[in-house]
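All values derive from a computational prediction rather than experimental measurement. One-based numbering, in listed order, for ligands and for the atoms of each.
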Amino acid sequence: MDKPSNEKPWGGRFTGTTDAFVEAFTASVSFDHRLYAHDIAGSIAHATMLSASGILSAEECAQIVEGLTAIKAECDAGRFVWSIALEDVHMNIEHALVNRIGEVGKKLHTARSRNDQVATDIRLFLRAEIDVLLASLKRLLTALVDLAEREAATVMPGFTHLQTAQPITFGHHVLAWFEMLLRDRDRLREVRQRVNVLPLGAGALAGTTFPIQRELSAKLLGFDCVAENSLDAVSDRDFAIEFCAAAALMMVHFSRMSEELVLWNSQQFGFVDLDDRFCTGSSMMPQKKNPDVPELVRGKSGRVVGHLMALITLMKGQPLAYNKDNQEDKEPLFDTVDTLAACLRAFGDLIPSLQVRRDRLRAAAGTGFTTATDFADYLVRLGIPFRDAHAIVGAAVRLAVARECGLEALHLADFQGLHLAITEEIYSVLEVDRAVAARNHVGGTAPAQVRAACQRARGRLAS
Ligand code: ARG
């Protein structure tokens, strides 16, 4: 960064210089320089529109576009020198433009304010980032369907209260993750629609006295439409809050998935093996292989939820229209994008390499009386009311607990002591494969249903 200078584009009204601390305190260039490509794209579209509207000559526009293009190349190459004295990305670039092409560069800011400029930049930034995130999310969703299909018939215990509940298939569990994340995709797509609205033309707050063509600017920048109200256009950050809300929810989903992976990867569960690439060791305990990646993803959900709180609180109590408070929108937004991108990448790499321990899952699926509900359903089919059936099975479980065995190890005489209608069929009813196959309806855990759901999932992913 340069030393403070007095060449402020707004310096005309001032006689005194800015306090050095205040200059640094109010500057945003240290973080908003990240917007340079979008700022320049916005400026090129603005100049093009001004020229098409007869506000700039074609020659002036050509010079401005050429200058901005050269500045972009300088930024791309990392050669642009950002100055704190020039406060933000907008004034840095404008200043560089005037330095480069002279007086005509000073015409670029006609019919524009930094207020509509920055709102445009953030929307362009977020739109581009959402598209990258959506591509990354699609890769992860595809990996989940692949995994679900591969493990469609792998039985495992399903849990409620983290107590073994009923047998399910691993593929079915993975498809539950898929559903969570597909809703996240839909939310991101919806947010993108509200992001893709053009603020430019709103000026500082009240519009401009020049005969601008906002629809042309929107078309040049790929916006779906123009913001209807100039005050709202410069003060609205709903789209950023909505994005952070969608991101926070996605991170909560990642956190829940992480928690399951951490548990499943533990010695006690032993359901999965995370690839060495995604684990680290301990500096003291030689035997350790820690699931750092899912742990970190779980941990990072906190900061994204925090950014949502920061942004929504930032807007509370702001009068219309633009206020400098809004400069505080960028860091939470940038970090949300970066954190989400990193976590998507981590999961996108980790899921395809996940080793599923089918033997351990099968053993666990059959313990903890997981087919007790199937037993009760069987009694219902014999004509016994469900509540009575529930009590009978409860008694059978008590007996098995006392004998420290599974239900399948009880003798037929034991079962018939509980109800005379019970036959040999009870033993097949208690099998986990039969239990999962029996849940054979849309949304159920039967392998055939999981395979069909995977097919549908691929179609939904393509749409
Ligand atoms: N750096 C400012 C921001 O991020 C740009 C807009 C400043 N506008 C103003 N009138 N001070 O919001």
Side-chain angles (χ1 to χ4, degrees), residues 1-2 4-14 16-19 21-43 46 71 75 80 82-97 106 108-129 195 197-208 227 230-241 243-244 307 310-337:
M1 300 284 167
D2 266 346
S5 101
N6 282 326
E7 302 174 71
K8 312 235 187 266
W10 42 253
R13 187 231 177 277
F14 287 76
T17 54
T18 319
D19 178 89
F21 167 74
V22 171
E23 192 164 71
F25 185 70
T26 54
S28 54
V29 68
S30 63
F31 48 87
D32 71 11
H33 68 86
R34 177 170 178 171
L35 295 172
Y36 78 83
H38 304 295
D39 192 73
I40 289 172
S43 288
H46 182 63
I71 291 168
C75 295
F80 191 93
W82 300 100
S83 159
I84 286 179
L86 290 166
E87 202 175 313
D88 55 26
V89 61
H90 325 293
M91 297 205 295
N92 268 269
I93 290 173
E94 190 183 325
H95 189 262
L97 181 69
K106 296 182 182 170
L108 169 64
H109 211 54
T110 311
R112 187 175 73 170
S113 156
R114 276 184 298 153
N115 298 351
D116 56 349
Q117 186 178 0
V118 70
T120 303
D121 290 6
I122 309 169
R123 284 173 185 267
L124 287 171
F125 162 81
L126 199 50
R127 186 181 71 187
E129 296 295 338
V195 167
V197 177
L198 176 81
L200 220 51
L205 76 164
T208 171
S230 65
L231 292 179
D232 181 51
V234 291
S235 74
D236 170 37
R237 295 293 183 274
D238 290 3
F239 63 95
I241 295 172
F243 171 77
C244 286
H307 294 326
L311 272 193
I312 201 162
T313 313
L314 172 67
M315 299 315 292
K316 180 192 169 298
Q318 276 197 49
L320 298 181
Y322 176 88
N323 301 280
K324 185 76 167 180
D325 312 43
N326 283 353
Q327 185 162 290
E328 286 289 308
D329 63 359
K330 285 163 210 65
E331 289 160 292
L333 190 60
F334 292 167
D335 190 67
T336 298
V337 164

Asker: Tell me every residue that passes side chain to side chain donor-acceptor pair (under 3.5 Å) with His90, counting only those two or more places apart in sequence or in another chain.
Answerer: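 So His90 forms a side chain to side chain donor-acceptor pair (under 3.5 Å) with Asp39, Asp121.
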
Asker: Which class fits the ring pair Trp82 and His33: parallel under 30°, tilted 30 to 60°, perpendicular over 60°?
Answerer: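 Plane angle between 30° and 60°, so tilted.
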
Asker: State which residues pass side chain to side chain donor-acceptor pair (under 3.5 Å) with Gln327; sequence neighbours excluded, sorted by chain then number.
Answerer: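 Gln327 satisfies side chain to side chain donor-acceptor pair (under 3.5 Å) with Ser28, Lys324 only.
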
Asker: What residues form a side chain to side chain donor-acceptor pair (under 3.5 Å) with Arg123, not counting sequence neighbours?
Answerer: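 Arg123 satisfies side chain to side chain donor-acceptor pair (under 3.5 Å) with Asp236 once adjacent residues are dropped.
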
Asker: Considering only heavy atoms, which protein residues lie less than 4.0 Å from any atom of ligand 1?
Answerer: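 Residues within 4.0 Å of ligand 1: Ser28, Asp32, Asp88, His90, Arg114, Asn115, Val118, Tyr322, Gln327, Lys330.
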
Asker: Ignoring hydrogens and geometry beyond distance, is a side-chain donor-acceptor pair present between Asp335 and His307 at under 3.5 Å?
Answerer: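 Yes, His307 and Asp335 have a side-chain donor paired with an acceptor closer than 3.5 Å.
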
Asker: Ala233 and Ala202: which non-hydrogen atoms are nearest, and at how many Å?
Answerer: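 Reported closest heavy-atom pair: CB-CB, 3.8 Å.
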
